[in-house]
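Please read the structure below before turning to the comments.
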Amino acid sequence: MDKKLIALKNALDKATNIAVLGGAGFSTESGIPDFRSRDGIYNKYKDMNPEAMLSAETLRNNPELFFDFYVDVMIIEGIKPNTAHYFLAELEKKPGKHVTIITQNIDGLHQEAGSRNVIELHGSAKRYYCVNCKEKYDDRKMDKSQFAGKPPLPRCDKCGFMVRPDVVLFNESLDSRNLERSRAELEKAELVIVGGTSLAVYPANMLLMYARKADIFVINKEPVNISRFVGDQNVTVIQGSLGKVFGELMDQGKSGTQSN
Ligand code: NAD
């Protein structure tokens with residue numbers, strides 16, 4: 001096994017408090033495109049300005065346009081968790097491990113894989129709520145089959161107002177309780193894994209500043225600029241796919257091979 005992978009395996013064996021700061025790259029191997037890769041949503045829809053489409057302003061001023069784009073781009077059916085999700089779910093079950101996943105993703109795949117301690121910084125595309133009476137709905141409210149042609153707006157069964165996804169749109173604030181919890185977990189973590197994120201999105205990227213006593217491992221396909229968010233901790237960068245890295249660690253675990 002590669003030296004850096006051995007170091008990661010040893011760090012995972014040793015640490016009690018482990019935090020994962022993850023992004024869209026966790027789910028590309030499940031078939032959900034990320035935002036900023038070559039095959040990502042920004043490139044595919046660059047003429048449509050995805051950030052503006054997925055903004056609080058578009059939802060407010062032109063909800064038909066918002067839902068048209070949201071349903072097409074952000075709702076992908078039949079998606080399943082991948083090796084990276086399952087690896088972390090198994091890790092959480094190991095005795096003596098306190099694992100927290102702080103995710104920017106809205107796809108719910110960590111929970112579907114079995115992880116319980118997940119902080120969804122940007123909410124969840126699996127949940128909806130009424131903008132008026134706050135009645136909650138699950139994703140059956142947005143069954144793609146109802147959107148043949150121009151989408152009708154999803155309406156609340158109780159008050160008739162618009163129902164919206166429980167996700168943090170561009171120009172909306174993150175839930176302060178999620179930020180506080182993330183901060184506390186990062187402060188006590190001895191090991192932080194940063195995976196599948198360009199670290200371009202504020203304030204998720206700034207949270208790393210709280211990981212002061214942790215060894216940090218970055219697993220990302222493309223280079224990311226992490227130095228501006230961390231101090232003098234050990235930072236190990238593994239450039240590659242999360243599926244491959246966690247797949248190898250999983251195989252090691254099964255074979256029980258010692259890594260020194
Ligand atoms: P991003 O698109 O800015 O960056 C993704 C990074 O992951 C890239 O650097 C890319 O090289 C890397 N990557 C892609 N596939 C990988 C893999 N298999 N293994 C390792 N690295 C991989 O995504 P971001 O930093 O998460 O920020 C974008 C925002 O987009 C987030 O706020 C998130 O809410 C939202 N988003 C979520 C989903 C989702 O829920 N699955 C999908 C798209 C976008």
Side-chain angles (χ1 to χ4, degrees), residues 4-5 8 20-46 49-56 69-88 101-113 115 118-127 139 142 165-175 178-179 182 193-208 217-226 228-229 236-249:
K4 289 181 179 176
L5 248 66
L8 175 57
V20 178
L21 179 67
F26 257 96
S27 299
T28 52
E29 287 164 273
S30 291
I32 306 180
D34 63 14
F35 272 175
R36 292 177 182 80
S37 290
R38 201 158 37 94
D39 305 326
I41 289 166
Y42 280 15
N43 263 329
K44 190 167 170 203
Y45 296 94
K46 62 173 172 268
N49 191 355
E51 275 197 25
M53 287 290 201
L54 297 170
S55 70
F69 190 81
Y70 181 84
V71 169
D72 255 7
V73 174
M74 301 305 282
I75 300 184
I76 304 173
E77 279 155 0
I79 293 292
K80 294 277 165 252
N82 63 52
T83 307
H85 298 111
Y86 286 118
F87 179 89
L88 294 179
I101 299 172
I102 305 165
T103 183
Q104 298 168 80
N105 293 348
I106 57 171
D107 53 37
L109 289 180
H110 284 295
Q111 293 92 327
E112 205 177 318
S115 287
V118 183
I119 303 174
E120 293 175 313
L121 288 176
H122 296 160
S124 172
K126 304 253 173 212
R127 298 189 298 266
D139 54 350
M142 293 295 293
D166 190 4
V167 301
V168 179
L169 300 174
F170 286 101
N171 298 333
E172 288 185 326
S173 304
L174 279 68
D175 184 329
N178 282 337
L179 289 172
S182 303
I193 298 173
V194 180
T197 172
S198 59
L199 292 178
V201 177
Y202 171 87
N205 51 10
M206 301 293 281
L207 286 171
L208 275 178
F217 284 79
V218 181
I219 308 168
N220 213 69
K221 268 189 175 169
E222 294 162 1
V224 280
N225 181 359
I226 191 172
R228 62 203 162 127
F229 304 116
T236 307
V237 178
I238 301 176
Q239 198 170 334
S241 94
L242 285 153
K244 187 158 182 292
V245 169
F246 286 125
E248 275 194 43
L249 293 179

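Atoms within a ligand are numbered from 1 in the order they appear, just like the ligands themselves.
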To check your reading of the model: name the closest protein heavy atom to [atom], its residue, and the distance in Å.
{"atom": "atom 29 (C) of ligand 1", "value": "F35 CD1, 3.5 Å"}
{"atom": "atom 33 (C) of ligand 1", "value": "Q104 O, 3.0 Å"}
{"atom": "atom 21 (N) of ligand 1", "value": "K221 N, 3.1 Å"}
{"atom": "atom 28 (C) of ligand 1", "value": "R36 NH1, 3.4 Å"}
{"atom": "atom 17 (C) of ligand 1", "value": "G25 O, 3.3 Å"}
{"atom": "atom 25 (O) of ligand 1", "value": "T197 OG1, 2.7 Å"}
{"atom": "atom 15 (N) of ligand 1", "value": "T28 OG1, 2.8 Å"}
{"atom": "atom 18 (N) of ligand 1", "value": "E29 OE1, 2.6 Å"}

Return yes or no for this condition: an N or O of I32 is under 3.5 Å from an N or O of ligand 1. no
Does any N/O atom on I106 come nearer than 3.5 Å to any N/O atom on ligand 1?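 I106 vs ligand 1: N/O contact under 3.5 Å present.
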What do we get for P33 next to ligand 1 when only non-hydrogen atoms under 4.0 Å count, side chain, backbone, both or neither?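 Near ligand 1, P33 shows its backbone, while the atoms from C-beta on stay back.
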Quick one: does ligand 1 sit under 4.0 Å from the side chain of A24, the backbone, both or neither, non-hydrogen atoms only?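 Looking at A24 and ligand 1, atoms from backbone and side chain both fall under 4.0 Å.
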Would S37 count as a contact residue for ligand 1, given that I'm defining contact as a non-hydrogen atom of the residue lying under 4.0 Å from a ligand atom?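 S37 counts as a contact of ligand 1 under the 4.0 Å cut-off.
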With the threshold set at under 4.0 angstrom, would you say G196 reaches ligand 1 through any of its heavy atoms? yes
Classify the angle between the aromatic ring planes of H110 and H85 as parallel (below 30°), tilted (30 to 60°) or perpendicular (above 60°). perpendicular
Taking the inter-plane angle between the rings of F35 and Y42 on a 0 to 90° scale, is it parallel (under 30°), tilted (30 to 60°) or perpendicular (over 60°)? parallel
Could you list which atoms of ligand 1 come closer than 4.0 Å to a heavy atom of [X]?
{"X": "G23", "value": "26 (O)"}
{"X": "D107", "value": "39 (C), 40 (O), 41 (N)"}
{"X": "E222", "value": "9 (O), 11 (O)"}

Counting heavy atoms only, name the option from D34, L21, L242, I79 that's nearest to atom 5 (C) of ligand 1.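 It is D34 whose heavy atom sits nearest to atom 5 (C) of ligand 1.
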Tell me the nearest of K244, M74, H122, Q239 to atom 31 (C) of ligand 1, using heavy-atom distances. H122
Within a radius of less than 6.0 Å around CZ of R38, do more than 12 heavy atoms belonging to other residues, nucleotides or ligands occur? no
